[in-house]
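Let me begin by presenting the structure, written as structure tokens, before commenting on it.
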Amino acid sequence: MTKKVLLATEKPFAKVAVEGIANIFNKAGYELIKLEKYTEKTDLLKAVENADAMIIRSDKADADVIAAAKALKIIVRAGAGYDNIDLNAATAKGICAQNTPGQNSNAVAELAIGFMLFAARNKFTQGNGSELKGKKLGIHAYGNVGRLVANIARGFGMEIYAFDPFVEKAKMEAEGVKVFDKMEDLYSQCDYVSLHIPANDKTKKSINYDLMSKMKKGAALINTARKEVICEESLKKIMAEREDFKYITDIAPECHAELMEKYGARYHATSKKMGAETSEANINAGLAAANQIVNFFEKGDRKFQVNK
Ligand code: 3PG
């Protein structure tokens, strides 16, 4: 039977990426079904019903979606963070969940740097800003994105610091990064802190008042990771207490309207997550996802499985 692959992207990939995905499945003899820009969950529940495989972005593959999927064997999150997949539900049904690590990282890293410039230059409004050169950048989690941020920031003449207990210290140091053993030091000593941690039970709300209040005068917190890692009550408190504190984020918090109204000069959130919104990132992640699906069915390849 012809394999059916559902491309469920509420935020669609660039046309060129979709064409590339279609080519891969065409060659493999699979049928591609597209559900793009959908607004209702019921549309996804219906579309997934007979799919053997599914590609998603930040689309929620929750327990309902997985329950509705009668034939699903693999879900690939075309991107890095897979907090949008109910892994327990997938595992219980024997569905292989995968991501495409590193494929869209450069786009996110460039946005993080853009956010730093945006913060340094008063959101591109008039008046004296400051330069990135000579400033201390603290990278919170030195994964694919963090590492690229470090590389680009070096070109701006920033001093690069990182905290990541999961990466070997020697590896980071070999790449010219000064490593903090304590997370608090990253926050207290850097002018910019750029978040690159995933959202999970350990990290949700972990960027709290204690950490934020340690940040230097005039410091900026840059979030191209996930809104869930921020403790919003703490964020509101620090924004109210400190006129010098800046928060620039790719993922609007629940309290976006309030922050925008009260502190619009030093707060910004994109209207829709745009870190990975480049044609290059869409092509890299989209094609990788398609190839992973073909390799899974044809060769049993589970290299990028995240629910092991
Ligand atoms: C990721 O985890 O890969 C990024 O957050 C990008 O998400 P998106 O595919 O929804 O833009």
Side-chain angles (χ1 to χ4, degrees), residues 5-18 20-21 34-39 41 44 53-62 65 75-87 90 97-115 139-149 152 164 166 194-204 207 221-230 248-253 269-293 303-307:
V5 183
L6 175 66
L7 175 65
T9 48
E10 176 269 320
K11 187 172 64 183
F13 281 133
K15 197 167 166 273
V16 59
V18 178
I21 292 169
K34 289 184 273 186
L35 178 70
E36 295 175 309
K37 280 192 190 168
Y38 63 94
T39 50
K41 183 175 171 180
L44 178 58
M54 173 162 75
I55 297 176
I56 54 172
R57 294 185 65 179
S58 288
D59 307 76
K60 286 197 172 33
D62 61 14
V65 172
I75 305 174
V76 183
R77 194 286 189 235
Y82 45 87
D83 46 302
N84 51 329
I85 304 178
D86 187 325
L87 291 183
Q98 301 192 2
N99 67 347
T100 65
Q103 299 290 350
N104 59 16
S105 305
N106 191 63
V108 181
E110 287 189 11
L111 186 73
I113 297 285
F115 278 175
I139 297 177
H140 190 165
Y142 197 74
N144 289 314
V145 181
R147 191 167 177 229
L148 287 164
V149 169
I152 305 169
D164 193 331
F166 301 102
S194 191
L195 297 173
H196 303 291
I197 50 176
N200 57 39
D201 289 346
K202 288 213 174 87
T203 62
K204 280 181 190 166
I207 310 305
L221 181 62
I222 307 294
N223 187 2
T224 54
R226 289 288 183 271
K227 70 172 181 177
E228 290 82 0
V229 301
I230 301 284
I248 311 288
T249 181
D250 190 24
I251 323 93
T270 50
S271 54
K272 196 163 181 110
K273 189 161 68 141
M274 58 170 290
E277 281 293 79
T278 65
S279 299
E280 293 91 335
N282 286 182
I283 293 168
N284 292 343
L287 270 57
N291 282 321
Q292 285 172 216
I293 287 173
K303 185 172 168 206
F304 296 102
Q305 183 164 358
V306 293
N307 59 337

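Numbers for residues simply follow the sequence, beginning at 1. As the structure lists them, so they are numbered: ligands from 1, and atoms in each ligand from 1.
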**Prompt:** So which pairs with a foot in residues 97-115 pass salt bridge (charged side-chain N to carboxylate O under 4.0 Å, His left out), sequence neighbours left out?
**Reply:** none
**Request:** Please tell me if the side chains of M54 and D59 come closer than 4.5 Å, counting only heavy atoms from C-beta onward.
**Result:** no
**Asked** For T224, what residues pass the side-chain hydrogen bond (donor to acceptor under 3.5 Å, both in side chains) criterion, not counting sequence neighbours?
**Response** none
**Request:** Using side-chain hydrogen bond (donor to acceptor under 3.5 Å, both in side chains) as the criterion, list what pairs up with N282, not counting sequence neighbours.
**Result:** none
**Message:** Using the side-chain hydrogen bond (donor to acceptor under 3.5 Å, both in side chains) definition, which of the options K11, K273, K272 pairs with S58?
**Reply:** K273
**Request:** Indicate whether the side chain of D250 and that of T270 have a donor and an acceptor atom separated by less than 3.5 Å.
**Result:** yes
**Sub-4.0 Å heavy-atom environment of ligand 1, residues by chain** = K11, R57, S58, R77, G79, A80, G81, N104, R226, K273, A276
